[in-house]
Structure formats: structure tokens, C-alpha cells
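The next block holds one structure in the form of C-alpha cells; read it before the comments.
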Amino acid sequence: MSLDDDDIPTAAPAAATASADPGAELGMTADDALEEQPQDFRNFTSQFRKSTHISAQTIRRGEKDFEAHGTRLQDNALEQSRQAMTEVLSYTRVHTQQNWTRAWYFPDWWTDYVEEEEDEEQKQSQTEKKPYAHVRDRVVVVESSSVASQNLGRAITGQAKDRPARGKDWLLPEEALYLLERGSLDLWWPTRGMEEVFSAEAPAAKGEGNDLLAESDAAPVITDEVDEYEMGFPLSVQAAYSLLIGNDGERGKVSLQKFQVYSNLKRAGYNVLRNINNHILALAILPPHPLTTHLPLPPHPYGPLLQPGLYRSYNPIYRQLALLPRHKPSALPSSPWQPADPFAVHYYVWKSSQKWSKTRQPPPDFFLAVVDAQQTAVPSLEEIAALLDATPAAPARPEWAGPGRLYARLKHGHRNVLVAVVDHGVINYMRFAEGAFGEEELFGRRYEKGSFGQLRAAHVACGEAADSDRELTLFEILMLHLAATLGWDGRAGGRFGLVSYLDGAIRQQ
Amino acid sequence: MMASSGTAERQVRISRIAGRYLVFDIDDVAYIRRHHGICAVFTGTMPQNPTQNVFLGLPVELYAEEAKLLVDKKAGYIADDLADHLSQLKALDPAARAAYFQSLKTQRRNAQLVIDEDKAKSLARHMERRKAATVQPDTRPSEVAAEAPAIAEGDSLFDAPPTKRVSPPVAVAKDQTSLALTPTTSSTLIVPQPTSSAAIEVPSSYPLYAYLNQRGYFITPGLRFGGDYSVYPGDPFRYHAHYLANSYEWDTEIPMLDIVTSGRLGTAVKKSYLLGGQAPEQDPVVGSEKTSGEVRVFCIEWAGM
């Protein structure tokens, strides 16, 4: 039987035989909810009890099969999986008094709020100034902070003292919905104005506290329950989705795809904040990336490819042979295009860390764009270049210098951005990096410390001449160089095969 | 929420929110999985275990194809949830309001019962462990003495909390106000009827979807394997996907490279690459669009591995 059933047989008889005095009293209160069917009671318990058996075994039972073979064993396994699913998902979010955090939905409170665009001078002059916070999109106000919500939301400062709900945290739609879904927030629909809700707030909370203290005092009367919904009432998850999920660009809403990505990252423990529009450069000023400064000489419109002259090393020759200009990453944005939806940075993502707080963060670890799998194609050069330029330069780590970490450097790139592709709830993260193969000179470094001995070893490694005493002919050397420069290895067909042979040969010396 | 009527006349509420199709009711989800071969994708956070991404909960996000299929089969209806909620929330008539509050209260009371029961059980377990651990006379006999016999009788675990409370009726009434609850669906607030007249825009792959669904295949998004759909021979709880499927228009020229790449990819993940499309109707009669042309499906396996 299902693991979940373990506790139910013990629970069901307990309720059924609750014929003792206090038990009868409890049974009476349950009467109007239950139709007195044992099956219902099973559902009813799993509806409110946090099942502790959510594990892979609960839903996925054993190895999957290739196809149906019509056995009862298979049918039973499937049936149990389905029942486990139903039971686990029938759970209703319950908040006990201790961890109850109530929030109110006030979609139009900040409609007219004008947020000051923070420019760089301000940032330097007054460091206390809070960053741009999407205030107009904040539609949910939280009464009190909890552990789950302390890294979310933002209090809007600089408000008049008599303004209601002053100093309260306001949540973005995705934050509110995420908290609600994880059972950490009780979202209420207000039936009164903000002034009334929050003027009544403080005394009401105190009153409840007093009730707790004076537990056995006066019996609370039924009218209390009526009062409790006077200012508003709780909303369901479904209602919260319909109020908070919207199309891209709707104020006070978030698209379903973005919400799915947001909550996926939050569940995984990342800190996620909405993009601060156009403020990326302020935090992107890094010391200029030391680039090799040579530029390809302009090719001559006539004459030989290689200018006649005296060459003492191969490097000038190779530079003249580099006819096509290569992309050169720079610390400042260099592309003439502007990022546009959907290929724009939507979220900043941080790995979870102690140092992170919602008002003060280190530079983001990741920059994330969210796209829909059905509605978008692979980004064009314009789109991806603009998107990459919206992120700060992220050169390879200094300890990656040298020939050994060539591929690590190439893979890391000079800027990078994550693109979350969402296909109806299935999310795929992809990383795009600004690659610069032209920055990795394959020809130069060999000759700076090179010798014919190395080349011979390389030649041997290529398997072309086993006879290591033989001097290489100039033609062979040239061919080797050419192959290395072009990244071509005729024998193996791999683009970097020969290069790595040469690298290996050098390290052996 | 628990109103599980007969399966025949069950109408699944498909909430259209910002152009996406969501199902919030677990009974609906189980129903379409069981009777219509639609498993869709769980997208919500599980409140019981909110820090993992392996098992997700409600709501379920449907393909537009799936929504259309259910509506066409008269097994579901599309509701414009935002409009429904706003109209209900803004102008809540007293009767509906009372009904909604009543349902909330009932659920809270039930939840309280379960919590009390759990508390009593854990208390009982704790007591028994303590009793077993301390063989010598206990230092605080008063409470244990009061509790232990009740447990020892073993007829009802509900005995435990009332013996502790001074006056049970007050305690229960108190508990009623101390619990808050977030229902999963708004079924007690909004009217269960179709409210969205907008047609369901389905992608051109709909015929292939309907064809596979009709033959008992389960379909999930194909993003993981690089196709339009991943196709399972039965419920994905039990089976691995057999195919990754792409849909093409009847007269589309399919680039050979697509077939090679998808074929190789499919074989590499132990699936066959399935491609299909719908033929246009032979003699297009006036008024009937090319909807009923036959669907042809082919499988490609990469043999040169």
C-alpha cells in the first residue's frame, strides 16, 4: 500500500470511535463538513496534514516500465502513484497563529508614485539612497515580516507620517505569489480602504495577543468571527493567480513564465530581484580589461599578402595574414543595439549567501532573461549582442591565464547572460557568453619559448614522422604552423587536435 | 472543492489567466489524467516542501491544445478568472459572501480538528516514550498521571487535549479564530460556469496532439528533448517517453538536416523521432475547413550509430 496510508488507518478509527464525551463534542463540530464517509475522511486528513512522506518513492514507484504489459502489478503501481499524487496535492495551506503573516492586496496604492531615476552622481554623493524599486508594481502590503518574507519586499520610505501602513513592506506580484504558494503568506482582499484597514490593524493585533494571554477568561462570542472578516477576507491561490498573473508590461502583474522562473530559482535557494532598468552600468564599471593592444594592419589593396621585408619572428607574419577583423570584447558596451523584450535582462540572480540583504547586494552572480519556448526563436545577433551588453563585463579569472586554461577561458567568455526558456512550465536555462577566439593567440606563445626540439616533438606527436633524428623541412614546419593557426588538424579532423598536441609537447619539455 | 460528482458529467474548470490555461482543482487534475490522458505540467510550489524543484504542485498548466481538447469533448470549460474574481470580489452580494465565509470557517474548523488530533498523537507518543524512559517515579507526576491513564485506555486519542484544557468549549471556540487558511481554489466564491467566449488559439500542431491523445498517448512539453512534444505510451508516472514529436504542415518541405539532427538526438536519448501532420481535406466543401483531414505519423530512428 501507499506509504501515505500508513497513518490513515490509525487516524480513521480514532475518529470513528470518538464516542467518548469530548470526542463526541468534536465529532459534532465536524458534522457539517463531513458526509460521514470513511473515504471522505481520508481526503479530509490529507487535506490539512503535512504529509511527511513526500519523497521520490511516494509518487514514482520503482523503475519505470517500457510499455504497458497489462499486468495487475503495473496497474496497481500506477494507481498508487496517482493516489499519492492526489493525496499530497489535496493539502490546503493552513497558517497557525504563530506563523501567520497577513498581506493585503492594494493594487492602486502606488499608481501615481513617481520613482526618481537614480543617476550615478546621486549614487556617489549619498550612498544611503535606495535603489530603484519598481514601486508602482508593488501591489501587496505585508502586515508583519516573517522568516520567509524578510528577504522580499521593500518598504517605501519618504512618505508622510500620517500615511497609513507607513514602513510596511510592499511586495512585487511574483514575491507575493511565491510566498502565498509556499504557504508563508495569507493574502487578503480588503473591503475597506487602506486607512481603515491599517488604523484598525494595531489594536486588533493587540486584542488577539490579549486573548492569548487571558485564555480562560471570557469565552469569545460568535460575533468575533463576523468581525474578523469586516475589513476583508482571505483569497485563494486561484484568486491570487488571477489577480497577480498578467501579460508582460501590465502594471502590478507578472507574466506566468517569469513567475515560474522566479519561483523555480527561489525554491532552489537563489536570491532573485527584478532588473533595475538601465542601472546596470552603474554597477558595471570595472577596471578596464587589459586587452592585447595590437590591431590588424589594414591589408594592402595590391601586392603580396605578406609585405617583403626581414622577419625575425613569425608573429608579424601571422598578424599580416589575419585579414578578417575579429571581435574584440570591451569593458564598455560596444554594440549599437538596444536590448528589447523578450531578450532583455529581467532578473538579477544571486547565489544564496549570508551577506545578501534586500536593500544592499553585491553585484549579481547571474543576469537572466526569460523567454517563451513557443513564441521566440533563437536570438539574432542584434538581440544577443544587445542582451550581453546589458550585463557587465565578466572577464575570465586571473588565475586562468596561460595556455593550460584555454578552454576554460573560451567557455567562460567575456560577458555572459542566462536565458530561461519556458515551455508550459518546463524551464530550461541556457548560458550565452561573449566569446572571443581572437583573444586566444594560438601561434604566438609557442614561439616565444619555442625551439626546433619542441617542434620535432610535436611532429612526432602528430605521428607523421617517427624518426625524431630527422630535421624537419621548412615546408613541414610551415604546414604545422599554418595548421596550428587555423586550428586545423587534417589527421583527426578535430578543430583543436593539433593545437593540443603541440601544447602537450611543450609541457613535456 | 471536494464536490466530486460523477465523472461523466464532470466539468473541468480551466482558468484562462493572461492567455495561459491553468487548472487549480486537484480533483479536476486527477480526473483529466485518468479519463482524458492529460497529465500536463505541475508548476506550483508545494507548501509541504517548498525548497525543492523535483515535485511541484498545483496549479497545472495546460497546453492550449489540451484546453481545446477538453472543451471540444465537453469535459471542461474555459473561464476568464480575472474577470470572474474581480466582479465577485468587488461586488460581493451578501449571500455569496456568507457562503464563502461559511466555507472558510468550515475548512478552518476541519483543519483545527486535524491539528488537534496530531497534537494529541504526538503528545501521546511523547508521553509513552517518557514513561518508558523513566522507570523510576517521575519528578512531575501531576500532569503525567492525568494523561497516562487516558492513553493507556487507548480508545480515543482525542482524550488528551480536553483533559489539559480547562473548559473544552472555550478552547475549541478559541482555536477557531486562531487558524488562518488559504484555500486552493475559489470554487466557493465564483460561479462554476464558462465565462470566456474567446476562442482557444491552438498552434498548428493541434491535429497531431489530438491524434496522439486519442490513441492513448500522454504528452508533455518537448523542451527537454528538443521537440514539440514528448510522447509517453501511458501515464508518465509509469513509463518513459517513447517519442519526441514534431508537427509539420502537410506541404512543408522538411529540411533533411532537421530530420538528421532530430533523429540523432532522439536516438541518443533512447527515443524515436516522430513527425506527423494533417492532410488537407480532399474536396474542400464550402463551410467546412480542412479540419478533418487524416493525420499521418512517421517515426525515424538513426541507424548509423
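Worth saying up front: this structure is predicted, and the values here are computed from it rather than measured.
In this structure, B:L181 CG and A:S236 OG are separated by 10.5 Å, a value rounded to the nearest 0.5 Å. Atom CG in A:L78 sits 5.0 Å away from atom CG in B:D235 (nearest 0.5 Å). If you take OG1 on B:T43 and OH on A:Y241, they are separated by 4.5 Å, rounding to the nearest 0.5 Å. In this structure, the separation between CD on B:E61 and CD on A:Q257 is 7.0 Å, given to the nearest 0.5 Å. The distance from the CG atom of A:N264 to the OG1 atom of B:T45 is 9.0 Å, given to the nearest 0.5 Å. Rounding to the nearest 0.5 Å places CE of A:M85 at 9.5 Å from SG of B:C39.
Proximity to chain B (any heavy atom under 4.5 Å) is restricted, for A:L256, to the side chain, taken from C-beta onward. Using a 4.5 Å cut-off between heavy atoms, A:T191 contacts chain B through its side chain alone, with no backbone atom that close. For A:L235, the parts lying under 4.5 angstrom from a heavy atom of chain B are both the backbone and the side chain. Contact annotation for B:R33: both backbone and side-chain heavy atoms come within less than 4.5 Å of a heavy atom of chain A. For B:Y63, the parts lying under 4.5 angstrom from a heavy atom of chain A are both the backbone and the side chain. With a 4.5 Å cut-off on non-hydrogen atoms, B:Y21 does not touch chain A at all. Within the 4.5 angstrom heavy-atom criterion, only side-chain atoms of A:D372, from C-beta onward, approach chain B. Residue A:A373 touches chain B through its side chain alone, counting heavy-atom pairs closer than 4.5 Å. The part of A:K253 that comes within reach of chain B is its side chain, from C-beta onward, which places non-hydrogen atoms under 4.5 angstrom from that chain.
For A:L89 against B:L56, the heavy-atom pair with the smallest separation is CD2-O, 4.1 Å. Here the closest non-hydrogen pair linking A:V426 and B:L223 is O-CD2, 3.5 Å. Nearest heavy atom pair, residue A:E181 against residue B:P59, reads OE2-CD, 3.6 Å. Nearest approach of A:R267 to B:Q52, heavy atoms of both residues: CD-O, 3.3 Å. The minimum heavy-atom distance linking A:S242 with B:H85 is given by the pair OG-ND1, 3.0 Å. Shown here for A:Q238 and B:S15, the closest heavy-atom pair between the two residues is NE2-OG, 3.2 Å.
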Go through B:I115 and A:V94 one step at a time and tell me if the side chain to side chain contact (heavy atoms under 4.5 Å, CB included) criterion holds. CA-CA 10 Å; B:I115 286 176; A:V94 181; 4.1 Å; yes

A:Y91 vs B:T184, side chain to side chain contact (heavy atoms under 4.5 Å, CB included): CA-CA, chis, key distance, verdict: CA-CA 9 Å; A:Y91 176 76; B:T184 308; over 6 Å; no

Would you check, one step at a time, whether the test side chain to side chain contact (heavy atoms under 4.5 Å, CB included) holds for A:W189 with B:K90? CA-CA 9 Å; A:W189 173 270; B:K90 281 190 171 148; 3.9 Å; yes

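Checking side-chain atoms of B:Q48 against main-chain N and O of A:V88 turns up a donor-acceptor pair under 3.5 Å.
Atom OH of A:Y270 has 12 or fewer heavy atoms from other residues, nucleotides or ligands within 6.0 Å. Atom CZ of B:R224 has 12 or fewer neighbouring heavy atoms from other residues, nucleotides or ligands inside a 6.0 Å radius.
Heavy-atom pairs under 4.5 Å with chain A peak, among B:P221, B:P236, B:P233, at B:P221. The choice from A:D248, A:L243, A:L177 that makes the most heavy-atom pairs within less than 4.5 Å of chain B is A:L243.
For A:S81 and B:R238, the side-chain atoms include no donor-acceptor pair closer than 3.5 Å.
The shortest distance between side-chain heavy atoms of A:L187 and B:T182 does not fall below 4.5 Å.
Using cut-offs of 30° and 60° for the angle between ring planes, the B:H242 and A:F66 rings count as parallel.
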